[in-house]
**Student:** 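This is the structure I have questions about; it appears just below.
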Amino acid sequence: MTWLPLKLKTYQLKTVYSLLNRYSTAAKALTTVNVNGKAFEADDYTNITPKIASYLNSNLHLKKNHPLSLVRQRIVNYFYTFRYAGNPEFSVYDNLNPVVSTKQNFDDLLISLDHVSRAKSDCYYINRGMLLRAHMTAHQSELLRSGLNNFLMIGDVYRRDEIDSTHFPVFHQVDAVRSLHKERLFPNQPDLEIFEPQYDTKNPFTFKNTISDPMKQSCHTLEATKVMETQLKNHLIGMVKTLFGKDIKHRWVDAYFPFTHPSWELEIFYENKWMEVLGCGIVRNEILVNAGPSNTIAYAFGLGLERLAMALYKIPDIRLMWSNDSGFLTQFENKDLDAKITYKPVSSYPQCTNDLSFWLPENLSIDTFMNNDFYELVRGIGGDIVEQVKLKDKFVHPKTKKHSLCYSIVYRHLERTLTQEEVNRIHKDIEVAVATAFNVVIR
Ligand code: DAH
């Protein structure tokens with residue numbers, strides 16, 4: 001351990017070492033990783049860092065006065081207004097374990113083995129079989145299998161991503177399913193059917209469902225699809241009107257998700273631009289068949305809470321969601337849920353920008369250098385004071401053909417002014433860690 005000439009905190013060291021373990025052939029592989037109090041066997045897919053694991057159990061969506069919690073409550077209250085025989089239609093699950101299997105996160109949702117969303121560069125894998133859920137849809141099949149028809153799933157999701165004011169590796173989603181039997185889809189219309197005659201609900205596995213018709217899945221009738229689509233769209237327009245006011249303008253955009261067909265995105269016109277709010281669609285019948293309720297038709301949707309909260313309360317930077325500053329949380333205190341709240345910056349401290357340039361080793365090019373691994377390391381060392389990492393310049397040396405990259409790292413503390421000296425020290429640590437972890441030469 002003497003070769004790192006750094007004064008790093010323990011968690012930073014851990015991050016560097018876990019990265020080194022992945023990149024250095026000399027380093028011996030980790031054998032187990034502890035996540036949420038459980039030990040898992042590590043393998044060549046393990047890329048969860050101690051920094052990321054430290055965000056587990058934060059439960060910002062349940063934290064009193066937290067803007068994410070306020071938006072969650074407004075959405076839940078809206079869905080509680082749907083009643084059947086006097087009881088709420090939707091049940092709410094907001095405490096599901098974020099450690100899920102690849103089966104839950106992908107296979108059960110018909111996400112193909114070669115789909116980009118499975119990439120190691122996009123997810124936090126614990127090992128080849130387990131990961132931190134990348135979307136709340138990961139729980140859809142297990143809840144259907146348990147016999148539920150209508151439910152909301154709310155929680156934290158984890159994705160490796162770029163670094164800027166709207167991206168953070170942890171964010172929060174609300175996902176939902178509503179499924180109906182024929183009797184409830186077509187009350188008093190016993191002649192209408194959910195399924196085409198060729199589909200046999202008793203032997204659902206014998207039917208080959210297709211999605212080549214843009215209007216519907218081949219197993220469904222057009223009438224059933226259209227009734228479900230109308231409900232879905234009405235329910236969601238009602239939700240954005242509840243959140244943003246009855247005059248909010250919206251539009252539907254055709255979309256594709258492996259787990260729904262047809263699929264749409266809902267956009268609203270907010271502050272002079274179209275903003276995407278959610279993805280939704282008619283659940284692929286294969287998913288329902290595998291999970292049990294093969295005689296129903298269902299809709300599903302998923303939305304991100306951060307984006308809604310940032311728009312509703314004019315919160316300029318996603319990192320503020322993680323602030324413990326009383327100046328932040330008190331602005332959301334003891335307010336009527338539907339009160340208009342506009343966040344006022346406590347004060348804004350200056351940014352510091354330092355550049356980081358390096359030559360890539362011969363076996364790597366500008367196109368194969370893993371940006372997300374690099375971002376992760378920068379965040380692992382710099383922590384939350386790293387506001388943004390931007391690729392500033394790329395360059396191929398005409399003679400040596402070596403590739404060079406230059407990134408600007410923007411530092412800003414949300415609660416105090418950083419000194420240039422302090423930033424230089426952290427920047428130097430990042431340089432050393434990057435050089436060691438990626439075998440690059442700092443210019
Ligand atoms: N899981 C999708 C995402 O994270 C969002 C989504 C789209 C969820 C369509 C759904 C759905 O349930 O039906 O981007």
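What's counted below: heavy atoms across the whole structure, side chains too, no hydrogens, waters or symmetry copies.
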**Student:** Under 30°, 30 to 60°, or over 60°: which ring-plane class applies to Tyr125 and Tyr45, parallel, tilted or perpendicular?
**Tutor:** perpendicular

**Student:** Mind listing the closest non-hydrogen atom pair of Tyr78 and Asn234 along with its distance?
**Tutor:** OH-O, 4.0 Å

**Student:** Apply side-chain hydrogen bond (donor to acceptor under 3.5 Å, both in side chains) to residues Tyr375 and Asp161 and explain how you reach the verdict.
**Tutor:** CA-CA 8 Å; Tyr375 297 147; Asp161 218 327; over 6 Å; no

**Student:** More than 12 heavy atoms of other residues, nucleotides or ligands under 6.0 Å from CD of Glu41: yes or no?
**Tutor:** no

**Student:** When you measure from the side chain of Glu387 to the backbone of Ile409, do you find a donor-acceptor pair of N or O atoms at a distance under 3.5 Å?
**Tutor:** no

**Student:** Regarding Ser218 and Thr210, do their side chains bring together a donor and an acceptor under 3.5 Å, going by distance alone?
**Tutor:** yes

**Student:** Salt-bridge test for Asp107 and Arg118: reply yes if a basic N is under 4.0 Å from a carboxylate O, no otherwise.
**Tutor:** yes

**Student:** Is there a side-chain contact between Asp200 and Asn203 in this structure, where contact means two heavy atoms from C-beta onward sitting under 4.5 Å apart?
**Tutor:** yes

**Student:** To check you understand the geometry: which heavy-atom pair defines the closest contact between Arg379 and Lys51, and what is its length?
**Tutor:** O-CE, 4.4 Å

**Student:** Can you name the nearest heavy-atom pair linking Glu286 to Asn209, along with the distance?
**Tutor:** OE1-ND2, 3.0 Å

**Student:** Report yes or no: does Asp175 contribute a side-chain atom to a donor-acceptor pair with the main-chain N or O of Ala300 at less than 3.5 Å?
**Tutor:** no

**Student:** I want to check something: taking the side chain as every heavy atom from C-beta on, are Val289 and Phe205 in contact at a cut-off of under 4.5 Å?
**Tutor:** yes

**Student:** Looking at Lys314 and Glu271, is any side-chain nitrogen of the basic one under 4.0 Å from a carboxylate oxygen of the acidic one?
**Tutor:** yes

**Student:** Tell me if a side-chain donor or acceptor on Glu267 pairs with a main-chain N or O of Trp274 at a distance below 3.5 Å.
**Tutor:** no

**Student:** Ring centres of Phe438 and Phe358 under 6.0 Å apart?
**Tutor:** no

**Student:** Between Phe332 and Pro67, is there a side-chain heavy-atom distance shorter than 4.5 Å?
**Tutor:** yes

**Student:** Closer than 4.0 angstrom, basic N to acidic O: yes or no for Arg319 and Asp317?
**Tutor:** yes

**Student:** Considering non-hydrogen atoms only, spot the tightest contact between Val389 and Val386 and give its length.
**Tutor:** CG2-CG1, 3.7 Å

**Student:** Please verify the inter-ring angle class for Phe369 with Tyr407; under 30° counts as parallel, over 60° as perpendicular, anything in between as tilted.
**Tutor:** tilted

**Student:** Would Gln217 and Arg284 satisfy side-chain hydrogen bond (donor to acceptor under 3.5 Å, both in side chains), going step by step from the backbone distance to the final call?
**Tutor:** CA-CA 8 Å; Gln217 300 173 38; Arg284 288 275 293 265; 4.9 Å; no

**Student:** Do the side-chain N and O atoms of Asn290 and Asp108 include a donor-acceptor pair separated by under 3.5 angstrom?
**Tutor:** no

**Student:** Can you list the steps and then say if His235 with Tyr299 is a side-chain hydrogen bond (donor to acceptor under 3.5 Å, both in side chains)?
**Tutor:** CA-CA 11 Å; His235 289 176; Tyr299 78 49; 2.7 Å; yes

**Student:** Angle class for the Phe195/His220 ring planes (parallel below 30°, perpendicular above 60°, tilted otherwise)?
**Tutor:** tilted

**Student:** With distance as the sole test, does Arg128 use its side chain to make a donor-acceptor pair with the main-chain N or O of Thr46 at under 3.5 Å?
**Tutor:** no

**Student:** Just by modelled atom types, is the Leu180 backbone N or O under 3.5 Å from a matching donor or acceptor in the Thr296 side chain?
**Tutor:** no

**Student:** Would you say the rings of Phe90 and Phe79 are close, in the sense that their centroids are separated by under 6.0 Å?
**Tutor:** yes

**Student:** Among Leu308, Leu303, Ile268, find the one that has a side chain to side chain contact (heavy atoms under 4.5 Å, CB included) with Val240.
**Tutor:** Ile268

**Student:** Provide the closest heavy-atom pair for Val116 versus Asp122 in the form atom of the first, atom of the second, distance.
**Tutor:** O-OD2, 4.2 Å

**Student:** Does Leu266 reach the side chain of His250, with side-chain heavy atoms less than 4.5 Å apart?
**Tutor:** yes

**Student:** Would you confirm whether His135, through its side chain, and Asn105, through its main-chain N or O, come within 3.5 Å as a donor-acceptor pair?
**Tutor:** yes

**Student:** Could you tell me if the side chain of Asn149 sits less than 4.5 Å from the side chain of Arg178, heavy atoms only?
**Tutor:** no

**Student:** Does any part of the side chain of Asp393, heavy atoms only, come nearer than 4.5 Å to the side chain of Leu405, both counted from C-beta?
**Tutor:** no

**Student:** Under the 3.5 angstrom rule, does the side chain of Asp156 hit a backbone N or O of His172 as a donor-acceptor pair?
**Tutor:** no

**Student:** Tell me whether Tyr84 at atom OH has more than 12 heavy atoms from other residues, nucleotides or ligands lying less than 6.0 Å away.
**Tutor:** no

**Student:** Does the distance from a Lys or Arg side-chain N to an Asp or Glu carboxylate O, for Arg74 and Asp338, drop under 4.0 Å?
**Tutor:** yes

**Student:** For Gln73, look at atom CD and say whether over 12 heavy atoms of other residues, nucleotides or ligands are found less than 6.0 Å away.
**Tutor:** yes

**Student:** Strictly distance-based, threshold 3.5 Å: is any side-chain N or O of His181 a donor or acceptor partner for the main-chain N or O of Glu183?
**Tutor:** no

**Student:** Apply the test side-chain contact (heavy atoms from CB on, under 4.5 Å) to residues Leu70 and Ile341: give CA-CA distance (whole Å), side-chain angles for both, the deciding distance (0.1 Å), then the verdict.
**Tutor:** CA-CA 11 Å; Leu70 300 185; Ile341 307 174; 4.0 Å; yes

**Student:** Does atom CE (Met215) have a neighbourhood of more than 12 heavy atoms from anything else shown, all under 6.0 Å?
**Tutor:** no

**Student:** What heavy-atom pair brings Lys182 and Ile194 nearest, and what distance separates the two atoms?
**Tutor:** N-CD1, 3.5 Å

**Student:** Run the side-chain hydrogen bond (donor to acceptor under 3.5 Å, both in side chains) check on Arg133 and His139 step by step: do they pass?
**Tutor:** CA-CA 9 Å; Arg133 64 187 168 213; His139 301 286; 2.9 Å; yes

**Student:** Should Lys392 and Asp355 count as side-chain neighbours, where that means a heavy-atom distance under 4.5 Å?
**Tutor:** yes

**Student:** May I ask you to test the Pro169-Ile52 pair for a side-chain heavy-atom distance under 4.5 Å?
**Tutor:** yes

**Student:** Hey, does the side chain of Ser141 reach the backbone of Ala291 with a donor-acceptor pair shorter than 3.5 angstrom?
**Tutor:** no

**Student:** Test your reading of the model: is there a side-chain donor-acceptor pair from His61 to the backbone of Asp94, 3.5 Å cut-off?
**Tutor:** yes

**Student:** For the pair Lys226 and Glu229, find out whether any cationic side-chain nitrogen is under 4.0 Å from an anionic carboxylate oxygen.
**Tutor:** yes

**Student:** So, do Phe168 and Tyr158 have ring centers that fall under 6.0 Å from each other?
**Tutor:** no

